Amino acid sequence: VVADPVLPRHVAIVMDGNGRWATARSLPRTEGHREGVSALRTIVEHCARIGIPVLTVFAFSRENWMRPDAEVNMLMDLFITALAEQVEALQSNGVNLRFIGDRDAFPVGLRTAIRRAEKKTGKNGRLKLQVAANYGGRWDITRACQGIAELVASKDIEIEEIDENLMSSYLGLSDLEDPDLFIRTGGERRISNFLLWELAYTELYFTDLLWPDFSPAALDEALQWFAGRERRFGRSPEQLNGPQGRVPG
Ligand code: IPE
Ligand code: IPE
Ligand code: MG
């Protein structure tokens, strides 16, 4: 596949609307989450096929622990099952799976499943898939500050050496470029504490489709919308066609 020049290199998705998808069918919300896993699998395969190299999805926020115990427990079990069921397909699609977020809060069975899946897919290079679970943008930034404060306290760096690159290198997505395209399904137009630092210049796309209904065709529509954006990164429109128009980094 020849890469389309306007294809985003990194897509970030808030997979929202599972509960409403189920409720609309008089099913328990948990059925919506199950269907959400299958939607994710389809989208991951589509991204790999069309040549999107990096995909980051929001699966469970730090705030989602506030949901009823039954739903939280089901989600933990579903993550374990989904990992077990999907790891072979990820492997054969060349997907490198990684989790970002505080995994220490997860049940031991889930932590083990995550570690195994990451290890098993660790050498793949076709698509980097980051699953944000027990993740929050503020948590990530705060943790980065702690790590950098340690460097200062141990006199490994001077305060003046703290810059945006150092901050980025301490975040969960440290080794990746910032997302080019953010997609949120489910109709809400908010970030909900997803990648606060990394979304600084990301194009934001919102759709009313509920996550289980988000299809490859729906992704293609978002990609088409993205292709029409003029990304200025603070420059004037006139500068964009000249040699100054290149985006830094
Ligand atoms: C997103 O779907 C999945 C998680 C947050 C785990 P929701 O469960 O938030 O579905 P809605 O927004 O209630 O429909
Ligand atoms: C955002 O969805 C988190 C995930 C999709 C995992 P929520 O459903 O938790 O977001 P709010 O509560 O509507 O902002
Ligand atoms: Mg929701």
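Both ligands and their constituent atoms are indexed starting at 1 by order of listing. Bear in mind that the values here come from a model prediction, so they are computed numbers and not experimental data.
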Metal site the Mg ion (ligand 3): N/O/S of D16 inside 2.8 Å = yes

Is it true that a side-chain atom of N193 and a backbone atom of G137 form a donor plus acceptor pair closer than 3.5 Å?
-> yes

Checking side chain to side chain contact (heavy atoms under 4.5 Å, CB included) for the pair I157/L166: CA distance, chi angles, key distance, verdict?
-> CA-CA 11 Å; I157 63 163; L166 185 66; 3.8 Å; yes

Taking only residues at least two apart or on different chains, which pairs with a member in residues 157-173 satisfy salt bridge (Lys or Arg N to Asp or Glu O under 4.0 Å)?
-> none

Heavy-atom distances under 4.0 Å are what count here, so tell me which part of F194 touches ligand 2: side chain, backbone, both or neither.
-> neither

Using the test ring-ring contact (aromatic ring centres under 6.0 Å, His included), find all partners of Y201 that sit at least two apart in sequence or belong to another chain.
-> F233

Is a side-chain donor or acceptor of S168 paired with a backbone partner of S174 at a separation under 3.5 angstrom?
-> no

Proximal atoms of ligand 2 relative to V14 (non-hydrogen, under 4.0 Å) | 1 (C), 5 (C)

In terms of heavy-atom contacts, I183 and A222 come closest through CD1-CB, 3.8 Å

For ligand 2, which atoms, with element, lie under 4.0 Å from some heavy atom of A59?
-> 6 (C)

Atom indices of ligand 2, in the order listed, that fall short of 4.0 Å to a heavy atom of F60 | 6 (C)

Sub-3.5 Å donor-acceptor pair from the side chain of E118 to the main-chain atoms of F99, do we have one?
-> yes

Any chain of hydrophobic side-chain contacts (each under 4.5 Å) joining M66 to L75?
-> no

Contacting atoms of ligand 1, where contact means under 4.0 angstrom from a heavy atom of M15 = 1 (C), 2 (O), 3 (C)

Do ligand 1 and R67 have nitrogen or oxygen atoms that lie under 3.5 Å from each other?
-> yes

Which is closest to atom 13 (O) of ligand 1 by heavy-atom distance: R29, E71, R20?
-> R29

Give the single entry among Y135, F58, W211 that approaches atom 4 (C) of ligand 2 most closely by any heavy atom.
-> F58

Would you tell me which option among L75, N18, V72 has the nearest heavy-atom contact to atom 2 (O) of ligand 1?
-> N18

Can you find a pair of side-chain heavy atoms, one from W65 and one from N134, that are under 4.5 Å apart?
-> yes

Enumerate the atoms of ligand 2 whose separation from the nearest heavy atom of R190 is less than 4.0 angstrom.
-> 11 (P), 13 (O), 14 (O)

What residue and heavy atom of the protein are closest to atom 10 (O) of ligand 1, and at what distance?
-> G19 N, 2.9 Å

Verify the distance criterion only: is there a donor paired with an acceptor across the side chains of D178 and W197 at less than 3.5 Å?
-> no

Heavy atom of G186 under 4.0 Å from ligand 1?
-> no

Residue, atom and distance of the protein heavy atom nearest atom 14 (O) of ligand 2 read S192 OG, 2.6 Å

Provide the number and element of each atom of ligand 2 under 4.0 Å from a heavy atom of N64.
-> 3 (C), 6 (C), 9 (O)

